[in-house]
Amino acid sequence: MPDVLTHALAAYAIATLLSIRFEWLGSQYVTIAMIGALVPDTTKIKLLVDSAQVEATLGVPFSWGALHTLGGSIVIVLAGAVLAGREHRGPVLLALLLGMGSHHALDLLIAHPAGHGYALFWPLSGYHVPVAGLFHSSDRWPAAVAAIAAAGAYHLRYRIEDLDRSA
Amino acid sequence: MLTTPRSRIAALALLIAVLTGMLVAHGTVGPDPDRHRYPDLEVLSQEGDTLVGDRVVLSGTAVETNPVVLSGSPGARPDVIVVLTGVERDVDRGDDLWIAGTVQSDYSVSVTTAIVRSPWELRYMYVVSAIGGLWVLRRFVREWRFDRDRLAFVPRTDRRGDGADVREVTD
């Protein structure tokens with residue numbers, strides 16, 4: 001998976017571009033989309049508490065890997081929407097789903113030595129989906145490309161707003 | 001739907017229960033080469049020679065370079081080392097290795113694809129990831145607040161045009 005900054009920048013770019021078309025998708029919901037883009041990476045909690053440690057402590061099978069699947073991600077997204085005020089719940093849900101989707105889409109582009117990434121559709125399917133192998137998670141250029149895309153989206157979004165105002 | 005604090009707490013409890021169930025269920029998922037789920041270092045350490053001829057995907061650190069020897073990350077389990085043959089990339093001691101290959105006898109693996117990363121590349125990844133996380137957190141704190149009365153996150157709708165917040169974060 002690319003680094004967190006690349007995911008956040010990509011979600012910012014996509015949500016900001018969509019905000020040109022969808023008025024409800026204001027700056028605060030762009031932020032929610034960016035949070036959605038970080039949801040699958042909650043699986044990185046394993047760097048702090050290893051799955052095997054939890055397994056040994058609880059005495060039951062356990063894997064943080066569930067968080068980096070559509071199933072686990074969607075449950076977290078739903079919890080996020082429940083935490084929002086009632087009138088904001090719909091937009092929050094859509095923004096979280098947008099960001100979460102952008103995360104998984106980007107992760108399908110990275111390189112994996114076996115050519116297949118992870119069980120994207122788990123728990124529906126345990127099949128490890130093929131990945132494009134365009135870059136490695138520690139490559140520097142994806143963040144640069146995402147930053148340029150984010151700057152371009154910002155420019156387009158607010159330039160159009162200025163043009164609208166002056167029209 | 002979900003209009004009262006009680007119903008929302010019940011919904012959250014249900015979602016947490018579902019997520020916990022998923023974390024446990026995912027712990028039971030084992031290798032299945034037909035679905036491109038290959039044994040990892042932990043499975044290799046447990047099943048050893050029964051995997052001879054099978055494909056594995058291993059990650060760890062290079063502790064030797066001639067031949068290349070992969071070890072699980074320091075402090076992490078399982079505490080095993082694997083000799084890698086056929087690595088066609090330059091490897092320095094301390095490099096992060098992520099390989100696919102076929103298990104030979106005597107705990108060696110014939111590598112078909114290797115992704116080799118220097119320690120500084122991983123450090124870069126963690127640093128920019130922290131920057132990304134802080135950026136998102138800063139935006140969230142500036143644009144959203146926790147309404148204690150409603151027990152819900154709501155936008156700071158009373159922001160002034162100059163971007164200054166008129167309310168403090170309450171949680």
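Computed from a predicted structure; not experimentally measured. Chain A is the first sequence line, chain B the second, and so forth, proteins listed ahead of strands; every chain is numbered from 1.
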Contact check, side chains of [X] and [Y], non-hydrogen atoms, under 4.5 Å:
X	Y	result
A/I32	B/F153	no
B/L12	A/L83	yes
B/E121	A/R140	yes
A/I35	B/W144	no
A/S27	B/R139	yes
A/R86	B/L2	no
B/R8	A/R89	yes

Check the pair A/S125 / B/R35 against side chain to side chain donor-acceptor pair (under 3.5 Å), numbers first and verdict last. CA-CA 9 Å; A/S125 165; B/R35 292 185 169 81; 5.3 Å; no
Does any heavy atom of chain B fall under 4.5 Å from the side chain of [X], the backbone, both, or neither of them?
X	value
A/V60	side chain
A/L9	both
A/W122	side chain
A/A111	both
A/V54	neither
A/Y118	neither

Against chain A, label [X] side chain, backbone, both or neither, depending on which of its atoms sit under 4.5 Å from a heavy atom there.
X	value
B/W98	both
B/A25	both
B/V29	side chain
B/V57	side chain

Is [Y] reachable from [X] through a run of hydrophobic residues whose side-chain heavy atoms are each under 4.5 Å from the next?
X	Y	answer
A/L97	A/I14	yes
A/L78	B/I9	no
B/I16	A/L93	no
A/I45	B/M22	yes
A/L17	A/I148	no

Whether over 12 other heavy atoms sit under 6.0 Å from A/Y154 OH: no
With a 6.0 Å cut-off (strictly less than), is the heavy-atom count around CZ of A/F121, excluding the residue itself, greater than 12? no
Of all of B/G133, B/S129, B/A152, which one pairs up most often with chain A through heavy atoms under 4.5 Å apart? B/S129
Pick from B/W120, B/Y126, B/Y38 with the largest number of heavy-atom pairs that fall under 4.5 Å of chain A: B/W120
Does the pair A/L67 and B/L23 meet the rule for a side chain to side chain contact (heavy atoms under 4.5 Å, CB included), with working shown? CA-CA 8 Å; A/L67 301 172; B/L23 294 171; 4.0 Å; yes
Under a 3.5 Å cutoff, is there a donor and acceptor pairing between the side chains of B/R142 and A/T31? no
Does B/R150 use its side chain to pair, donor to acceptor, with the backbone of A/G85 at less than 3.5 Å? no
Quick check for you: to the nearest 0.5 Å, what is the distance between A/Y127 atom OH and B/D34 atom CG? 10.5 Å
Separation of A/H128 NE2 from B/H36 NE2 (nearest 0.5 Å): 10.0 Å
Picking from A/P61, A/P113, A/S63, A/G117, which has the most non-hydrogen pairs under 4.5 angstrom with chain B? A/P113
Contact winner vs chain B - A/A8, A/A119, A/P123, A/G65, heavy-atom pairs under 4.5 Å: A/G65
